[in-house]
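Whatever order the structure lists them in is the order used to number ligands and atoms, beginning at 1.
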Amino acid sequence: MKESGILISFEGPDGAGKTSVLRRIMQRLTPILGDRLLFTREPGGTNNKTAESIRELVLNSSSDDMDDRTEVLLFAAARRQHVVQTILPALEDGKIVITDRYVDSSVAYQGGGREIGMDTVIDINKFAIEGTLPDYTIYFNVRPEIGIQRIKNTRMNEVNRLDEETLAFHQRVSESYLIIANDNPERFKIINADNDIDDVVEETWQVIQTILQTKL
Ligand SMILES: Nc1ncnc2c1ncn2[C@@H]1O[C@H](COP(=O)(O)OP(=O)(O)OP(=O)(O)O)[C@@H](O)[C@H]1O
Ligand SMILES: [Mg+2]
């Protein structure tokens, strides 16, 4: 049971700007919400040793022998721990929980990107989250070419296994996200993430303000 709090996820392909924008949104929200605000991110999670250990495993480029289904299960396992240990207690306390990636990432990346099948990944994640879906998902809609270019420009030294994929992979991820968004129109708020970062921050801020005004 989640109740009283609000769960908001930030989703989108690599380089869409989720983390950068979220950092700036947190700076604006913290003075307003104080302790009522909890930031977390996946894979892993705030104050969550088990989930952070799984994060190390799935994002570590030395584990390039990992089977695709093993990867799905590990992401789902980390998410299970994240829900139980970090997200639900905060929601029960009435907090506004904002997570940088959540269940839709698995459906888009493993289901669509790795072509395991979106429905299969949804089923596995149903077991993990037991109904804890976000109240709102802010989707950073970026053209795959732009997202990849941003990553290339700024993370020359960072070896992240999931960033080493092809344009075709990123296109599948992006198409899958749009299918999820289309299936969940009430939950998804779509942001034009091709724009300048200042504009993306403003558009996101408007959406967050509307959510908080209607829910608080
Ligand atoms: N709107 C934008 N215009 C130009 N550059 C941007 C924009 N948004 C983010 N960037 C830059 O692109 C890079 C990737 O951004 P960021 O890490 O926030 O993306 P992300 O969506 O969190 O990606 P990932 O899914 O890989 O974590 C950063 O260097 C950031 O400064
Ligand atoms: Mg990020």
Chemist: For ligand 1, is Gly147 a contact, meaning one of its heavy atoms is under 4.0 Å away?
Modeler: no

Chemist: What is the distance from atom CD1 of Ile8 to atom OG1 of Thr137, rounded to the nearest 0.5 Å?
Modeler: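 The OG1 atom of Thr137 is 9.5 Å from CD1 of Ile8, to the nearest 0.5 Å.
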
Chemist: Please classify the Asp199 to ligand 1 contact at 4.0 Å (heavy-atom distances, strictly less than): side chain, backbone, both or neither.
Modeler: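 None of Asp199 does.
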
Chemist: Please report whether ligand 1 has a polar contact with Gly17, defined as an N or O pair separated by less than 3.5 Å (distance criterion only).
Modeler: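 Between Gly17 and ligand 1 (N or O atoms, distance only) the closest approach is under 3.5 Å.
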
Chemist: Would you call Asp135-Lys189 a salt bridge at under 4.0 Å N-O?
Modeler: no

Chemist: Under 4.0 Å from a heavy atom of Thr154: give me the atoms of ligand 1 that qualify, with their elements.
Modeler: 13 (C), 28 (C), 29 (O)

Chemist: Got a salt bridge between Glu52 and Arg41, using NZ or NE/NH1/NH2 to carboxylate O under 4.0 Å?
Modeler: yes

Chemist: Ligand 1 versus Ile151, non-hydrogen atoms closer than 4.0 Å: side chain, backbone, both, neither?
Modeler: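 Just the side chain.
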
Chemist: Just which atoms of ligand 1 are under 4.0 Å from any heavy atom in Asp196?
Modeler: 1 (N)

Chemist: Between Glu42 and Lys18, does any NZ, NE, NH1 or NH2 come within less than 4.0 Å of an OD or OE carboxylate oxygen?
Modeler: no

Chemist: Kindly confirm or rule out an N or O of Val21 lying under 3.5 angstrom from an N or O of ligand 1.
Modeler: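 The answer is no, given that Val21 and ligand 1 share no N or O pair closer than 3.5 Å.
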
Chemist: Under a 3.5 Å distance rule, please check whether Thr86 uses its side chain to pair with a backbone N or O of Thr46 as donor and acceptor.
Modeler: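 Checking the backbone N and O of Thr46 against the side chain of Thr86, a donor-acceptor pair under 3.5 Å is found.
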
Chemist: Return yes when Gly15 approaches ligand 1 closer than 4.0 angstrom through a heavy atom, no otherwise.
Modeler: yes

Chemist: Kindly give the heavy-atom pair with the smallest separation between Leu57 and Met66, and that separation in Å.
Modeler: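 Minimum heavy-atom contact is O-CE, 3.9 Å.
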
Chemist: Could you list the atoms of ligand 1 found under 4.0 angstrom from a heavy atom of Arg101?
Modeler: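 It comes down to these atoms of ligand 1: 25 (O).
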
Chemist: Is it true that a side-chain atom of Asn182 and a backbone atom of Leu178 form a donor plus acceptor pair closer than 3.5 Å?
Modeler: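 No: the side chain of Asn182 does not pair with the backbone of Leu178.
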
Chemist: Could you check which of Val200, Asn195, Val173 puts a non-hydrogen atom nearest to atom 1 (N) of ligand 1?
Modeler: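 Looking at heavy atoms only, the winner is Asn195.
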
Chemist: Regarding atom 4 (C) of ligand 1: of the candidates Arg41, Gln149, Arg150, which has the closest heavy atom?
Modeler: Arg150

Chemist: Which part of Asp14 is near ligand 1, with near meaning a heavy atom under 4.0 Å away: side chain, backbone, both or neither?
Modeler: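 Near ligand 1, Asp14 shows its backbone as well as its side chain.
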
Chemist: Against heavy atoms of Ala16, which atoms of ligand 1 measure under 4.0 Å?
Modeler: 19 (O), 21 (O)

Chemist: List, one per line, each side-chain donor-acceptor pair under 3.5 Å for residues 116-125, sequence neighbours excluded.
Modeler:
residue, atom, partner, partner atom, Å
Asn125, OD1, Arg79, NH1, 2.6
Asn125, ND2, Val121, O, 2.9

Chemist: Would you say Ser20 and ligand 1 have an N/O pair spaced under 3.5 Å apart?
Modeler: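 Yes; the residue has a nitrogen or oxygen that sits under 3.5 Å from a nitrogen or oxygen of the ligand.
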
Chemist: When you measure from the Mg ion (ligand 2) to the N, O or S atoms of Thr19, does any of those distances fall below 2.8 Å?
Modeler: yes

Chemist: Scan residues 168-183 for pairs that pass salt bridge (Lys or Arg N to Asp or Glu O under 4.0 Å), counting only residues two or more places apart or in two chains.
Modeler: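 Every pair satisfying salt bridge (Lys or Arg N to Asp or Glu O under 4.0 Å) with a residue in residues 168-183: Glu115-Arg172.
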
Chemist: Identify the residue among Ile190, Ile25, Ile138 that makes a side-chain contact (heavy atoms from CB on, under 4.5 Å) with Val207.
Modeler: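 Considering Ile190, Ile25, Ile138, a side-chain contact (heavy atoms from CB on, under 4.5 Å) with Val207 is found only for Ile138.
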
